[in-house]
Amino acid sequence: MDNIITKIDRQNLPCHVAIIMDGNGRWAKSIGMTRSFGHKNGVNAVREVTEASAELGIKYLTLYAFSTENWNRPKFEINTLMSLLVSSINKEIKTLIKNNIRLLTIGNTESLPKKVQKELSKAIEITSKNSGLTLVLALSYSSRWEIINAINRISSDIRNEVIKDETITEELFTKYLTTSNIPDPDLLIRTSGEYRISNFLLWQIAYSELYFTKKLWPDFNKNDFYEAIFDLQNRERRFGLTSEQIRDK
Ligand code: FPP
């Protein structure tokens with residue numbers, strides 16, 4: 001689609017876009033290269049969607065960079081992904097600061113190698129006052145882990161009388177998730193032609209619009225991102241109401 005960016009309604013942007021970045025391995029295999037080569041090229045697509053989000057004025061972008069299940073991948077591949085994280089943060093930190101981007105993480109980040117934790121904390125601290133785009137990296141993240149973690153923390157707070165058991169509401173539960181101060185995604189994108197959620201933000205996507213594309217992650221560029229936003233803007237989000245109720249609101 002030509003000039004897709006000009007078709008985007010800037011007054012009606014999603015506040016939060018989440019992405020399941022998939023297909024690095026297949027992309028690499030298709031050109032006879034290693035999976036690690038695919039991940040290295042996946043970083044370019046991360047840059048594309050981060051820039052596009054900041055330029056459009058989207059407030060939150062969450063990227064599924066490493067799932068709890070990814071710990072079961074070959075050690076070499078895990079090491080590549082961890083090194084890529086550290087080198088990308090080092091390389092991009094100046095750009096994050098320059099573009100007023102705040103970095104956050106969600107997930108069981110304590111399970112990451114110490115070096116990765118240190119780099120992430122540094123970048124989170126340096127960018128903490130930025131007020132433009134918030135870039136959220138989901139690392140060692142899985143939704144079931146997050147939900148069980150929340151329940152255990154609630155249970156401990158009840159035992160210690162920090163909260164009373166009758167006060168458990170959706171709002172309270174949401175506060176115990178690692179996404180506590182982040183609005184729910186309006187749009188969830190998954191690349192590579194797979195139609196799955198893969199344990200990502202299960203609670204938070206209750207009313208999100210889902211967008212699937214066959215493009216493999218390293219090939220995903222700004223125009224693909226704009227196309228997903230344009231597609232969203234042409235849908236009617238009803239949140240359980242009728243079309244008439246939405247129109248009369
Ligand atoms: C999925 O492709 C991708 C990942 C598991 C990791 C995504 C990581 C990056 C893009 C690089 C580092 C990230 C940041 C934020 C700097 P896959 O390996 O599952 O592909 P396949 O399904 O084709 O095997």
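Counting starts at 1 for both ligands and their atoms, following the listed order.
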When you check the gap from the basic side-chain N to the acidic O, do Lys175 and Glu170 get nearer than 4.0 Å?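 Salt bridge flag = no for Glu170 with Lys175.
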Q. Is the shortest distance from a Lys or Arg side-chain nitrogen in Arg153 or Asp157 to a carboxylate oxygen in the other one below 4.0 Å?
A.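 Salt bridge absent between Arg153 and Asp157.
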State whether the side chain of Tyr60 and the backbone N or O of Ala18 hold a donor-acceptor pair below 3.5 Å, judged by distance alone.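 It does not hold such a pair.
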Problem set entry | Residue pairs fulfilling salt bridge (Lys or Arg N to Asp or Glu O under 4.0 Å) with at least one residue in residues 121-148, sequence neighbours excluded |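 Counting only pairs at least two positions apart or across chains, the salt bridge (Lys or Arg N to Asp or Glu O under 4.0 Å) contacts touching residues 121-148 are Glu119-Lys122.
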task: Provide the full list of salt bridge (Lys or Arg N to Asp or Glu O under 4.0 Å) pairs with a residue in residues 36-64, sequence neighbours left out, each pair given once.
output: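 The answer is Arg47-Glu92, Glu51-Lys222, Glu55-Lys222.
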**Study point:** Under the side-chain contact (heavy atoms from CB on, under 4.5 Å) test, residues paired with Ile197 that sit two or more places apart
**Key:**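 Partners of Ile197 under the side-chain contact (heavy atoms from CB on, under 4.5 Å) test: Leu188, Phe200, Leu202, Ile205, Leu210.
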One pair per line, please: each N/O atom of ligand 1 matched with every protein N/O atom under 3.5 Å away, atom names first, then the distance to 0.1 Å.
| residue | atom | partner | partner atom | Å |
| --- | --- | --- | --- | --- |
| ligand 1 | 2 (O) | Gly23 | N | 3.4 |
| ligand 1 | 2 (O) | Asn24 | N | 3.3 |
| ligand 1 | 18 (O) | Arg35 | NH2 | 2.8 |
| ligand 1 | 18 (O) | Arg73 | NH1 | 2.8 |
| ligand 1 | 19 (O) | Asp22 | OD1 | 3.2 |
| ligand 1 | 19 (O) | Arg73 | NH2 | 2.8 |
| ligand 1 | 20 (O) | Gly23 | N | 3.3 |
| ligand 1 | 20 (O) | Asn24 | N | 3.1 |
| ligand 1 | 20 (O) | Gly25 | N | 3.0 |
| ligand 1 | 22 (O) | Asp22 | OD1 | 3.0 |
| ligand 1 | 22 (O) | Arg26 | NH2 | 2.9 |
| ligand 1 | 23 (O) | Gly25 | N | 3.3 |
| ligand 1 | 23 (O) | Arg26 | N | 2.7 |
| ligand 1 | 23 (O) | Arg26 | NE | 2.8 |
| ligand 1 | 24 (O) | Arg35 | NH1 | 3.0 |
| ligand 1 | 24 (O) | Arg35 | NH2 | 3.2 |

